[in-house]
Amino acid sequence: MIKIGLLGFGTVNSGVYEGITDTIEFLEHHLQESICVVKILIRNKKRYLSLENSELLTDSPDEFFKHEFDVVFEAIGGEQPALDYITFLLTKKVPVITANKELVAKHGQLLESLAIKNETYLGFEAAVAGGIPIINTLNSQLQWTSVEKVSGILNGTTNYIMTKLQEGNRTFDSVLKEAQDLGFAEADPTADIEGFDVLYKLQILCRLCFGNWPKPEQFQRRGMSQLKSWHFKAGECFNLKLKYIAEAYYDGKEVKGSISPSFIEESHPLRSIDNENNGVYLQGEWLGNFVASGPGAGKKPTATSMIEDFLHQLKRKSYHQQVAKRKEGSVACDQEYLLLFDMKDEKEVYQSLKEVTYMTEEIVQFENNSKVAILITLDSLAPSITRIKQLEAFPVLRVNKKLQSTKGNIQMKAL
Ligand SMILES: NC(=O)C1=CN([C@@H]2O[C@H](COP(=O)(O)OP(=O)(O)OC[C@H]3O[C@@H](n4cnc5c(N)ncnc54)[C@H](OP(=O)(O)O)[C@@H]3O)[C@@H](O)[C@H]2O)C=CC1
Ligand SMILES: N[C@@H](CC=O)C(=O)O
């Protein structure tokens, strides 16, 4: 018999429990073995008294850990006590399947090596992009294939909010509340809104695409809280749609990346990914352009990834460390931005702009000339963007855009 333990019984693990119990005949036939959920650890038992399976629940870690498990699904979230629990289990050679991206991003290196040392398995398919099977695809199906750049929409909550806001007539707070009620948001939604959740997911993807575990300092992070309603209108002037985009590449020395609200052109593969859906876009010389999209949050899609991860690890004879894949050479980092500002800040903006090297492509004034949007190309992203950090400059993502080499100067006075 395969004995299963569940750490947490919220959105994700209640889905795992229902998924297993609803399909138990199929699973037992598929595995040629009986399976059973033997214990579930939660924090506050009183909240779960009305459940049919309440006898399986305990709020005592001692009571939970005295059971023998063949696999444990962790979905309590956060660093502690999840780190202690998983460390304990891996050390006892118990395979762990987790949805906890914060834990994997911050302690993945340690947990991976523990899993290898103890010849067991740490699965984190559900930690990135909910129901999209991207982790095991990268691990198993793209072992040889070089990835030069990874980008994506990696947070269901913020994509849901941005979709509903762009459809019109909704407030930020009401849409956030809806995303929380639907089970998409983190316990503290600041992690979604300020991009920490995306940062963790991007770090995990970078580990699989480029070989090493990157540090948070290697990424620029801008929260979607920086968005104002008139930014959406500015995008419309250029037929650009706002999305919350993560992207990273290996520049020949290290992995670099950003998490930012970004403007997306019509033909970009991430543009049509709406609501709680996520998309992962991989680019590589041999791979070409690879896009995977699907639900990025929610009970059933995330539980699907957890259960598939469990089946995946049963098929593997041993745990292999991910092959490091590094592409020699650098990826061009010229980047277009839509620079947005209020005309009341004109002096400050003009001063900042004089200090950066850029090429102006198009200027649009709107809202009775009080707001301005400028499409520019910055020719060395990191220093320029630091210098204009007081301004709102969101990246513009295009497909096959040929960057021009000429530089110009913005004629502010001509506005
Ligand atoms: N929701 C989603 O769509 C997705 C979530 N994830 C990740 O999955 C994890 C869980 O998310 P989700 O299911 O939404 O969270 P929920 O808040 O819905 O559930 C968390 C569960 O964990 C329990 N728990 C929390 N802290 C402890 C603790 N210290 N000891 C024991 N039990 C504890 C809670 O118990 P109690 O109620 O008693 O506090 C609750 O049952 C997070 O890491 C999240 O980022 C990943 C992909 C998608
Ligand atoms: N809060 C997360 C849940 C899934 O990872 C999100 O909204 O994407």
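Worth saying up front: this structure is predicted, and the values here are computed from it rather than measured. Whatever order the structure lists ligands and atoms in, that order sets their numbers, starting from 1. We number each residue from 1, following the sequence as shown.
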Exercise for the section: Verify, without hydrogens or angle tests, whether Thr158 (side chain) and Asp192 (backbone) share a donor-acceptor contact under 3.5 angstrom. Expected result: no
Problem - Residue pair Phe290, Val280: steps toward the side-chain contact (heavy atoms from CB on, under 4.5 Å) verdict - result: CA-CA 8 Å; Phe290 168 97; Val280 181; 5.9 Å; no
Exercise for the section: Within a distance under 4.0 Å of any heavy atom of Lys201, pick out the atoms of ligand 2 and give their elements. Expected result: 2 (C), 4 (C), 5 (O), 6 (C), 8 (O)
Exercise for the section: Could you tell me whether the side chain of Asn118 and the main chain of Lys92 form a donor-acceptor pair under 3.5 Å? Expected result: no
Practice task
Would you please say whether a donor-acceptor pair under 3.5 Å links the side chains of Ser146 and Glu148?
Solution key: no
Practice task
Indicate, as side chain, backbone, both or neither, the part of Arg47 found under 4.0 angstrom from ligand 1 when only non-hydrogen atoms are considered.
Solution key: side chain
Handout entry: Any N/O pair Gly130/ligand 1 closer than 3.5 Å
Key = no
Practice task
Could you tell me which atoms of ligand 1, counted from 1 in the order shown, lie closer than 4.0 angstrom to a heavy atom of Ala297?
Solution key: 3 (O)
Exercise for the section: Would you mind checking if Glu178 and Lys164 are paired as a salt bridge, meaning a charged N to carboxylate O distance below 4.0 Å? Expected result: no
Fill in the blank from the handout: The closest protein heavy-atom partner of atom 20 (C) of ligand 1 is Ala75 O, 3.7 Å
Handout entry: Side chain proximity check, Arg221 to Glu194, heavy atoms < 4.5 angstrom
Key = yes
Handout entry: Under-4.0 Å salt bridge between Glu254 and Lys215
Key = no
Completion exercise
heavy-atom search around atom 18 (O) of ligand 1 in the protein gives Thr11 N, 3.0 Å
Fill in the blank from the handout: Near Lys101 (heavy-atom distance under 4.0 Å), the atoms of ligand 1 are 6 (N), 7 (C), 44 (C), 45 (O), 46 (C)
Practice task
Would you mind finding which of Gly156, Pro189, Ala191 brings a heavy atom closest to atom 8 (O) of ligand 2?
Solution key: Gly156
Practice task
Decide ring-ring contact (aromatic ring centres under 6.0 Å, His included) for Phe238 and Phe263; before the verdict, give the C-alpha distance in whole Å, the side-chain angles of both, and the deciding distance to 0.1 Å.
Solution key: CA-CA 9 Å; Phe238 294 89; Phe263 288 99; 8.1 Å; no
Exercise for the section: Could you find the nearest protein heavy atom to atom 33 (C) of ligand 1 and give me its residue, atom name and distance? Expected result: Ile76 CG2, 3.4 Å
Practice task
Provide the number and element of each atom of ligand 1 under 4.0 Å from a heavy atom of Pro81.
Solution key: 29 (N)
Practice task
Tell me which protein heavy atom sits closest to atom 28 (C) of ligand 1, plus the residue, atom name and distance to 0.1 Å.
Solution key: Arg43 CD, 4.0 Å
Exercise for the section: Indicate the ring-plane relationship of Tyr17 and Phe9, choosing parallel, tilted or perpendicular according to the 30° and 60° boundaries. Expected result: perpendicular
Practice task
Give the numbers and elements of all ligand 2 atoms closer than 4.0 Å to a heavy atom of Lys101.
Solution key: 2 (C), 3 (C), 4 (C), 5 (O)
Practice task
Could you tell me how the ring of Tyr281 sits relative to the ring of His268: parallel (under 30°), tilted (30 to 60°) or perpendicular (over 60°)?
Solution key: perpendicular
Problem - Short N or O distance, Phe184 and ligand 2, threshold 3.5 Å exclusive - result: yes
Handout entry: Heteroatom distance test (Asp197, ligand 1): nitrogen or oxygen, under 3.5 angstrom
Key = no
Fill in the blank from the handout: Ranking Lys300, Lys201, Glu186 by closest non-hydrogen atom to atom 44 (C) of ligand 1, top hit is Glu186
Problem - Sub-4.0 Å heavy-atom contact, Glu276 with ligand 2 - result: no
Completion exercise
atom 11 (O) of ligand 1 has as its nearest protein heavy atom Val12 CG2, 3.9 Å
Handout entry: Charged N-O contact under 4.0 Å between Asp62 and Lys66
Key = no
Practice task
Give a yes or no answer on whether the side chain of Lys201 reaches the backbone of Leu154 with a donor-acceptor pair at less than 3.5 Å.
Solution key: yes
Handout entry: Salt bridge present between Lys241 and Asp274 (N-O < 4.0 angstrom)
Key = yes
Exercise for the section: Using a strict 4.0 Å cut-off to heavy atoms of Glu186, name the atoms of ligand 2 that fall inside it. Expected result: 1 (N), 2 (C), 3 (C)
Problem - Atom indices of ligand 1, in the order listed, that fall short of 4.0 Å to a heavy atom of Gly77 - result: 42 (C), 43 (O)
Problem - Ligand-side contact atoms (ligand 2) for residue partner Ala185, heavy atom cut-off under 4.0 Å - result: 1 (N)
Handout entry: Side chain Glu125, main chain Ile135, donor-acceptor under 3.5 Å
Key = yes
Exercise for the section: Among all protein heavy atoms, pick the one closest to atom 8 (O) of ligand 1 and tell me residue, atom and distance. Expected result: Ala99 CB, 3.4 Å
Exercise for the section: Mark up the atoms of ligand 1 that fall under 4.0 Å of a heavy atom belonging to Asn44, in ascending order. Expected result: 38 (O)
Practice task
Provide, to 0.1 Å, the distance between atom 48 (C) of ligand 1 and the closest protein heavy atom, together with that atom's residue and name.
Solution key: Thr302 OG1, 3.3 Å
Problem - Check ion pair Arg271-Glu265 (N to O, under 4.0 angstrom) - result: no
Exercise for the section: Specify whether Phe65 and Phe88 have parallel, tilted or perpendicular ring planes, treating 30° as the upper limit for parallel and 60° as the lower limit for perpendicular. Expected result: perpendicular
Handout entry: Nitrogen or oxygen of Tyr48 less than 3.5 angstrom from that of ligand 1
Key = yes
Problem - Structural part of Ala187 in contact with ligand 1, heavy atom criterion under 4.0 angstrom - result: neither
Problem - Heavy atom of Gly130, distance to ligand 2 below 4.0 Å - result: no
Problem - Polar proximity ligand 1 side, Gly8 side, N/O cut 3.5 Å exclusive - result: no
Practice task
Evaluate the side-chain contact (heavy atoms from CB on, under 4.5 Å) criterion for residues Leu397 and Ile245: first the C-alpha distance (whole Å), next the side-chain angles of each, then the deciding distance (0.1 Å), finally the verdict.
Solution key: CA-CA 9 Å; Leu397 304 184; Ile245 300 289; 3.5 Å; yes
Practice task
Report, in ascending order of atom number, the atoms of ligand 1 lying under 4.0 Å from any heavy atom of Asn100.
Solution key: 43 (O)
Handout entry: Atoms in ligand 2 flagged as close to Asp192, the criterion being non-hydrogen separation under 4.0 Å
Key = 1 (N), 2 (C), 6 (C), 7 (O)
Handout entry: Phe9 neighbourhood, listing ligand 1 atoms whose heavy-atom distance to it stays under 4.0 Å
Key = 21 (C), 40 (C), 41 (O)
Handout entry: Contacting atoms of ligand 2, where contact means under 4.0 angstrom from a heavy atom of Thr157
Key = 1 (N), 6 (C), 7 (O)
Handout entry: Atom NZ of Lys228: over 12 foreign heavy atoms under 6.0 Å
Key = yes
Problem - Check: Asp22 main-chain N/O paired with Glu18 side-chain donor or acceptor under 3.5 Å - result: no
Problem - Residue and atom name of the nearest protein heavy atom (relative to atom 3 (O) of ligand 1), distance in Å to one decimal - result: Gly298 N, 2.7 Å
Completion exercise
The atoms of ligand 1 lying under 4.0 Å from a heavy atom of Ala126, numbered in the order shown, are 46 (C), 47 (C)
Fill in the blank from the handout: Checking heavy-atom distances from atom 2 (C) of ligand 1 to each of Pro295, Gly156, Gly183, Ala82, the winner is Gly183
